[in-house]
Amino acid sequence: MISNEQRIMALRQHLGNISLLTGKDIGEKYSVDFTGENRQIPLAVVRPKSTKEVSLVLKACSALAQRVVIQGGLTGLAGGATPKQDEIAISLERLSGIEEVDVDSMTLTAMAGTPLQTVQEAAANAGLLLPLDYGARGSCHIGGAIATNAGGNQVIRFGMTRNLVLGLEAVLADGTIISSMNKMLKNNSGYDLKHLFIGTEGTLGVVTRAVLRLFPPLPSRCTSLCAVETFSQSVALLREMQINLGTSMSAYEVMWAPYFERVVGHIDNLQSPFDKNFPLYVLIETEGTDQNSDTRRFENTLEHALDSNIIHDAVIAQSEKDRQDFWGIRDGVGEITKALMPYASLDVSMDIANMPKFLEEFDNKLKQLFSNAMNLVFGHLGDNNLHLFVTTHCQEDIDAIYDLGYDLTGKYGGAISAEHGVGALKRKYLHHSRTHEEIDLMSRMKKVLDPKEILNIGRVIPD
Ligand SMILES: Cc1cc2nc3c(=O)[nH]c(=O)nc-3n(C[C@H](O)[C@H](O)[C@H](O)COP(=O)(O)OP(=O)(O)OC[C@H]3O[C@@H](n4cnc5c(N)ncnc54)[C@H](O)[C@@H]3O)c2cc1C
């Protein structure tokens, strides 16, 4: 058994010039992800600049049986990148940069530590679109988005991050480099190995580079905020929009009244465009190539929905400011959550048909447990995804709220994580969504790819 000091000395010998921070040089930054939970300063921080350096680091850690945690932009919401005691953090922040934008093949090649926004801008500068976007764009890395298979605002049209990755390079726990930097849409030459590393949250390897699929830009945009009376009307409206507008629909966000009213009531510059309250509100956005014809089709579809009593009222954004105001209500969650602390945040998905039963049973049982509980809900309905923010303002109640929420998610056949991942915080609930055999297969895959158990241990897979 060697001491931590001896381990660091041995690492220094193996790593040569690779940046290694220890002691006071580490700083708070590497101690926790965006959740702020279970803060822990790592034993050391290694900051490789190339795939080769990542490989050297992992070879050395493997030889020393030294546990590591992989860190991207630390914006994760599942505690996956937060160090555990005596782990070394491998930060990808120096493995950053765009390698190529290939306009002819409509692909972009980037290193894993490149911030998402930098990748979006590089695509836009070449006249193309990377249709992956969410609030953490300025800080999260493209490697982190791939490792968590992030969702975001345009999933209904373009799918999750997985759908945008054509090729990938990753380093296994023993330092082996797996380079599958494919640019082709069609490639059935054996196993598609990139999927081992997409959405597996760094448990099977370190993503170091990726080839991403780009799309033509979509300059025309129509946005509307609609008021509906019932959940089934919001589903009917979704189908009406999908049938009439086809794949041009890029967002379908449903907000339940308690969430909507809390946001417009608590954020100074936001107000409801409607003169009365409704049980549900829907934010719809389409993107296309011709503003005039797209607007005509959008307005006709909404008019038809009004005439058929699917919606009760609707406002269409007439300017970019209107659009920002509508999105401000949907994105207002970021501003109201501070006042809700401590709160439980559930990111679940399920069949649309089960959503009303799930929400009703959750609210009833929640009220039985805590009469003062507040539950604010919105969801990317077209993606089957619900976000619940639940508070009693009491830290001791949080576990019971999660137990209830995930138990019911399992009962209704849903997923305990729709887009944020399992990380360290949700793995004890995984059995609600995955069978014993599925979890067993995950463990067996982990053992094959990480036999020395050094990579992101205690994340995703339950003990
Ligand atoms: C304001 C805000 C809004 C968000 N909105 C959304 C949203 O709409 N949809 C959504 O899906 N998510 C959202 N997220 C969470 C989202 O999962 C993360 O923002 C992002 O995808 C993680 O990237 P990161 O680089 O910060 O990774 P980190 O937080 O550093 O890490 C996340 C996990 O991935 C692993 N990891 C990181 N980089 C690598 C790598 N190169 N190779 C292997 N493993 C790696 C880590 O070990 C960890 O397990 C949001 C977060 C915030 C703070």
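Whatever order the structure lists them in is the order used to number ligands and atoms, beginning at 1. Just so it is clear, the model here is predicted, and its values are computed rather than measured.
Distances between N or O atoms of Ala136 and those of ligand 1 include no value under 3.5 Å. At under 3.5 Å, not a single nitrogen or oxygen of Ser139, backbone or side chain, sits near a nitrogen or oxygen of ligand 1. Between Ala150 and ligand 1, no pair of N/O atoms sits closer than 3.5 Å. The shortest N or O to N or O distance between Gly72 and ligand 1 is below 3.5 Å. Between His141 and ligand 1, a contact under 3.5 Å exists for at least one N or O pair. Of the polar atoms of Asn149, none of the N or O atoms is found under 3.5 Å from an N or O of ligand 1, judged by distance alone. Some N or O of Asn456 is nearer than 3.5 Å to an N or O of ligand 1, by distance alone. In terms of N/O distances under 3.5 Å, ligand 1 is approached by Gly151.
Put simply, the side chain of Tyr30 reaches to within 4.5 Å of the side chain of Leu21, judged on heavy atoms. Arg162 places none of its side-chain heavy atoms less than 4.5 Å from the side chain of Ile146. Taking 4.5 Å as the limit, every side-chain heavy atom of Ser139 sits out of range of all side-chain heavy atoms of Phe34. Residues Arg427 and Ile439 have side chains not in contact (no heavy-atom distance under 4.5 Å, counting atoms from C-beta outward).
With a 4.0 Å cut-off on non-hydrogen atoms, Thr75 touches ligand 1 through its backbone as well as its side chain. Using a 4.0 Å cut-off between heavy atoms, Ile146 makes no contact with ligand 1 at all. Only the side chain of Ala147 comes within contact range of ligand 1, with a heavy atom under 4.0 Å; no backbone atom does.
Residues in residues 440-463 take part in no ring pair (Phe, Tyr, Trp, His ring centres under 6.0 Å) pair, two or more places apart or across chains.
Between Glu285 and Arg330 no salt bridge is recorded (no basic side-chain N to carboxylate O distance below 4.0 Å).
Protein heavy atom nearest atom 24 (P) of ligand 1, with residue, atom name and distance: Gly73 N, 3.4 Å. At the top of the distance list for atom 42 (N) of ligand 1, counting protein heavy atoms only, stands Val207 N, 2.9 Å. From the protein, the heavy atom lying nearest to atom 49 (O) of ligand 1 is Glu201 O, 3.4 Å. The nearest protein atom to atom 31 (O) of ligand 1, hydrogens excluded, is given as Ala81 CB, 3.6 Å; this is a heavy-atom distance. For atom 47 (O) of ligand 1, the closest non-hydrogen atom of the protein is Ile70 O, 2.6 Å. Scanning the protein for heavy atoms near atom 33 (C) of ligand 1, the closest one is Thr148 CG2, 3.7 Å.
The heavy atom nearest to atom 8 (O) of ligand 1, considering only Tyr30, Phe34, Tyr134, is found in Tyr134. Within the set Gly143, Gly205, Gly144, the minimum heavy-atom distance to atom 43 (C) of ligand 1 is found for Gly205.
Ligand 1 places these atoms under 4.0 Å from at least one heavy atom of Gly202: 43 (C), 44 (N). Listed by atom number, the atoms of ligand 1 under 4.0 Å from Leu77 heavy atoms are 14 (N), 15 (C), 50 (C), 51 (C). With ligand atoms numbered from 1 in the order given, ligand 1 contributes 26 (O), 29 (O) to contacts under 4.0 Å with heavy atoms of Gly76.
In terms of modelled atom types and a separation under 3.5 Å, the side chain of Arg157 and the main chain of Thr247 share a donor-acceptor contact. Side-chain atoms of Arg262 do not come within 3.5 Å of backbone N or O of Phe260 as any donor-acceptor pair. In this structure, Ser31 contributes its side chain and Gly27 its backbone to no donor-acceptor pair below 3.5 Å. With hydrogens and angles ignored, the 3.5 Å screen pairs no side-chain donor or acceptor of Lys183 with any backbone N or O of Leu166.
Of the inter-residue distances, the one linking Gln324 atom CD with Asp322 atom CG reads 10.0 Å to the nearest 0.5 angstrom.
Within the structure, the closest approach of Leu74 to ligand 1 falls below 4.0 Å when heavy atoms are considered. Using a non-hydrogen distance threshold of 4.0 Å, Gly421 does not register as a contact of ligand 1. Ligand 1 lies within reach of His420, whose nearest heavy atom is under 4.0 Å from it. Close to ligand 1: Ala145, with a non-hydrogen atom less than 4.0 angstrom away.
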The test is side-chain hydrogen bond (donor to acceptor under 3.5 Å, both in side chains); show your working for Asn385 and Asp347 and say whether it passes. CA-CA 7 Å; Asn385 188 185; Asp347 150 50; 3.2 Å; yes
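With sequence neighbours excluded, the residues that form a side chain to side chain contact (heavy atoms under 4.5 Å, CB included) with Ala173 are Asp450, Ile454, Leu455.
Under the side chain to side chain donor-acceptor pair (under 3.5 Å) rule, Asp133 has a single partner from Gln120, Gln154, Gln117, which is Gln120.
Listed here is the closest heavy atom pair of Val119 and Ala110: CG2-CB, 4.4 Å.
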